[in-house]
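Down below is the structure, laid out as C-alpha cells.
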Amino acid sequence: MSEAQKTAGRQDAGPSTVTGVDRFFRITERGSTFGREIRGGFATFFTMAYILVLNPLILGSAKDKSGEQLDPVQLTTATALVAAVMTIVMGVGGNLPLALAAGLGLNAVVAFQLAPLMSWDDAMGLIVLEGLLICVLVVTGLREAVMHAIPQQLKQAISVGIGLFIALIGFVDAGFVTRIPDAANTTVPVQLGSTGTLAGWPMLVFCVGVLLTIGLLARKVRGAILVSIVTMTVVALAVNALADVETWGLTTPEWPDTIVDAPDFGLLGQFSLFGAFGQVGVVTVVLLVFTLILSDFFDTMGTVVGVSAEAGLLDEDGKVPGLGKVLLIDGAAAVAGGAASASSATSYIESAAGVGEGARTGFANLVTGSLFGLALFLTPLLTIVPLQAAAPALVAVGFLMMTQVKHIDWDRYEIAVPAFLTIAVMPFTYSITNGIGAGFLAYVLIKTVLGRAKEVHWLLWGTSALFLVYFAIDPIEQLLGVG
C-alpha cells in the first residue's frame with residue numbers, strides 16, 4: 001500500500017479519539033499535554049483529599065437544635081460524591097482545571113452557626129437556597145458583571161493574597177505554624193510548631209517535603225509537586241512503621257486493614273428548603289443566607305481569578321474564559337452540596353497545585369473527579385496521604401502565585417493600598433472573602449478621597465456597600481434584635 005493510500009485510509013477513518021478529546025478540551029491550544037493534565041489532576045486531588053476527613057469531622061462533631069448528629073460514614077460518602085460529580089461537571093462544562101468540594105469555612109458556619117438554631121434538614125435547606133440564589137445572580141449576569149468591574153491590578157492582588165493564604169494553609173495543616181491559646185497570655189497569636197520549636201517525625205516529613213518540592217521546581221522537574229507528594233507519603237509510611245509517632249493529626253499514614261469500603265448514601269436528599277423560616281424567623285434566615293451568599297460569592301471569585309491567572313488563562317482584559325458557565329456550575333455545586341448534606345460545595349484554591357503541575361484545561365478535572373469517585377469505595381486507601389506530605393505542595397503553589405505581585409503598581413496609592421490590604425487580610429484573617437472586602441472598601445474610599453469617585457464602577461459601589469454590611473453584621477443584628 002502506498003503512502004497516499006495509507007494517508008487516505010487514515011482520513012477516511014476520521015479523527016482519532018485522542019485528537020477529538022484534545023480539541024474538545026483545547027489541550028494543545030492552551031500549551032498543555034495529556035501527561036501534564038493527568039499529573040495536575042492527581043496533584044489537585046492529593047492536596048484537597050483532606051476534605052474527605054475534615055468535612056465529616058467538622059459536620060459530624062456538631063449537634064443540631066434537637067441534639068442530633070450526622071453519621072461520619074454517610075458524611076464521607078456525601079463529601080466524595082459531590083466532589084466527584086461537580087468536579088467532572090466543571091471540567092466538561094467550564095473547561096478549567098478547577099476542582100470543587102465542600103467548602104472549608106462554610107461547613108463550619110453550617111455546623112456551629114446554623115445547626116444549633118434548627119434541624120440538620122433545615123440547615124442544609126438554607127445551603128440549597130443559597131446555591132439557587134447564586135444561580136439566579138449568574139443567570140441575570142450580575143455575578144459575572146461584578147467580576148468584570150474589578151480593576152485588573154486588584155485582581156492580581158487577589159491572586160497574590162490567595163498565594164499567601166494557601167501557603168499559610170500548608171504551614172498550618174502541617175503543624176509548622178500553630179495558634180497560641182489566648183489563655184497563655186502570650187504577646188503573639190501564632191508560633192513555630194506546637195511549642196515554639198519544630199519537633200517530631202511528622203514535622204521532619206513536612207520540612208523535607210518542602211525542600212524536596214522547592215528543589216524539584218528549581219530543577220524544573222516534570223511532575224515536581226506530584227513526585228514530592230508521592231515520595232513523602234512513602235517516607236511517611238516508613239516513618240510511621242519504624243518510629244514511635246504520637247500523632248500525625250487528621251490522617252495517619254498507615255496501610256489500611258481493608259482497601260474497599262461500601263459507600264452509604266443515607267444523607268442524600270435529607271434537606272428542607274423552607275423549614276428554617278419556621279424555626280428562626282424570616283429576618284434571621286435572610287441575614288444567614290446573605291452571609292452565606294457573600295462568603296461563597298467572593299471566595300469563588302477569588303479562587304477562579306487566582307487559579308485562572310496562575311494558569312495564564314486570563315485574556316488581555318483580565319477576564320476568565322467561559323466565566324458564565326464556570327460561575328453557574330459553582331452555584332449548582334452549592335445546591336448539590338446542600339442536597340447531599342455535605343454542606344456548600346465550592347471551587348477549591350488547592351486546584352492551583354494542579355496548575356503548578358501544568359494543568360490548563362478541564363481534562364485534569366476528569367482525573368481529580370474520578371479519584372473522588374474511587375474514594376467512594378477506596379477511602380481507606382486514598383486517604384493515607386498525611387497532611388505533612390501534601391502540605392509542601394501548598395507552600396510551593398503559594399510561591400508561584402506570589403510572583404504576580406510584580407504586576408502591581410506600588411507607586412499609585414489608589415491601587416497599592418487596596419492591593420496591600422487584599423494581600424494582607426486574606427492570610428491574617430484566614431479568609432479570601434475578608435481580603436477582597438477590605439480591598440474593595442479601600443479602593444472605593446481612596447478614589448472618593450482623591451475626587452475620582454466617578455472612576456469607580458457602580459457595581460463596585462454596590463458590592464462595597466454589601467461588604468460594609470458584611471463586616472458590620474453583628475451590630476446590625478443587634479439593632480434588628482436578632483443578634
Side-chain angles (χ1 to χ4, degrees), residues 51-87 89 100-137 262-297 299-300 329-346 372 375-376 379 473 477 482-483:
I51 196 62
L52 296 174
V53 176
L54 198 55
N55 198 47
L57 181 66
I58 292 174
L59 292 177
S61 64
K63 297 180 180 180
D64 67 6
K65 188 177 182 180
S66 302
E68 297 293 327
Q69 289 182 280
L70 298 177
D71 180 77
V73 174
Q74 294 178 338
L75 281 170
T76 300
T77 298
T79 302
L81 179 64
V82 172
V85 173
M86 296 314 303
T87 294
V89 170
L100 300 93
L104 281 175
L106 286 169
N107 56 6
V109 171
V110 174
F112 306 116
Q113 186 172 345
L114 301 188
L117 301 176
M118 59 195 75
S119 70
W120 283 111
D121 288 1
D122 295 339
M124 294 303 172
L126 285 187
I127 296 298
V128 174
L129 186 60
E130 172 242 338
L132 291 173
L133 290 174
I134 285 179
C135 288
V136 170
L137 293 176
D264 186 340
F265 300 101
L267 287 178
L268 269 65
Q270 300 299 312
F271 69 95
S272 174
L273 193 58
F274 300 109
F277 288 89
Q279 292 287 330
V280 297
V282 175
V283 174
T284 300
V285 167
V286 170
L287 289 173
L288 289 172
V289 171
F290 170 76
T291 302
L292 288 169
I293 288 178
L294 206 60
S295 180
D296 204 347
F297 190 111
D299 263 16
T300 295
I329 293 170
D330 186 84
V335 176
S341 294
S343 181
S344 181
T346 188
F372 273 114
L376 287 167
T379 301
I473 194 69
E477 287 181 338
V482 296

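Along the sequence shown, residues carry numbers from 1. No experiment lies behind these values; they were computed from the predicted model shown.
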To the nearest 0.5 Å, tell me how far [X] [atom1] sits from [Y] [atom2].
X	Y	atom1	atom2	answer
Ser341	Gln270	OG	CD	6.5 Å
Ser344	Ile134	OG	CD1	6.5 Å
Asn55	Asn107	CG	CG	5.0 Å
Gln69	Leu59	CD	CG	11.0 Å
Thr77	Leu52	OG1	CG	10.0 Å
Leu129	Ser272	CG	OG	11.0 Å

Under the side chain to side chain contact (heavy atoms under 4.5 Å, CB included) criterion, do Leu126 and Met118 qualify, and how do the steps go? CA-CA 11 Å; Leu126 285 187; Met118 59 195 75; 3.9 Å; yes

Between Trp120 and Val110, does the side chain to side chain contact (heavy atoms under 4.5 Å, CB included) criterion hold? Intermediate values first, please. CA-CA 9 Å; Trp120 283 111; Val110 174; 4.1 Å; yes

Mind running side chain to side chain contact (heavy atoms under 4.5 Å, CB included) on Ile329 and Met86 for me, showing each step along the way? CA-CA 8 Å; Ile329 293 170; Met86 296 314 303; 4.0 Å; yes

Is there side-chain contact between Ile51 and Phe372, with heavy atoms separated by less than 4.5 Å? yes

Under 4.5 Å between any side-chain heavy atoms of Leu268 and Leu81, yes or no? yes

Mind listing the closest non-hydrogen atom pair of [X] and [Y] along with its distance?
X	Y	answer
Ala340	Ala78	O-CB, 3.3 Å
Ala62	Phe112	CB-CE2, 4.1 Å
Pro56	Pro72	CB-O, 3.9 Å
Ala345	Ala333	CB-O, 3.3 Å

Using the side chain to side chain contact (heavy atoms under 4.5 Å, CB included) rule, take Leu292 and Leu114 through it: C-alpha gap first, then chi angles, then the decisive distance, then the call. CA-CA 11 Å; Leu292 288 169; Leu114 301 188; 4.1 Å; yes

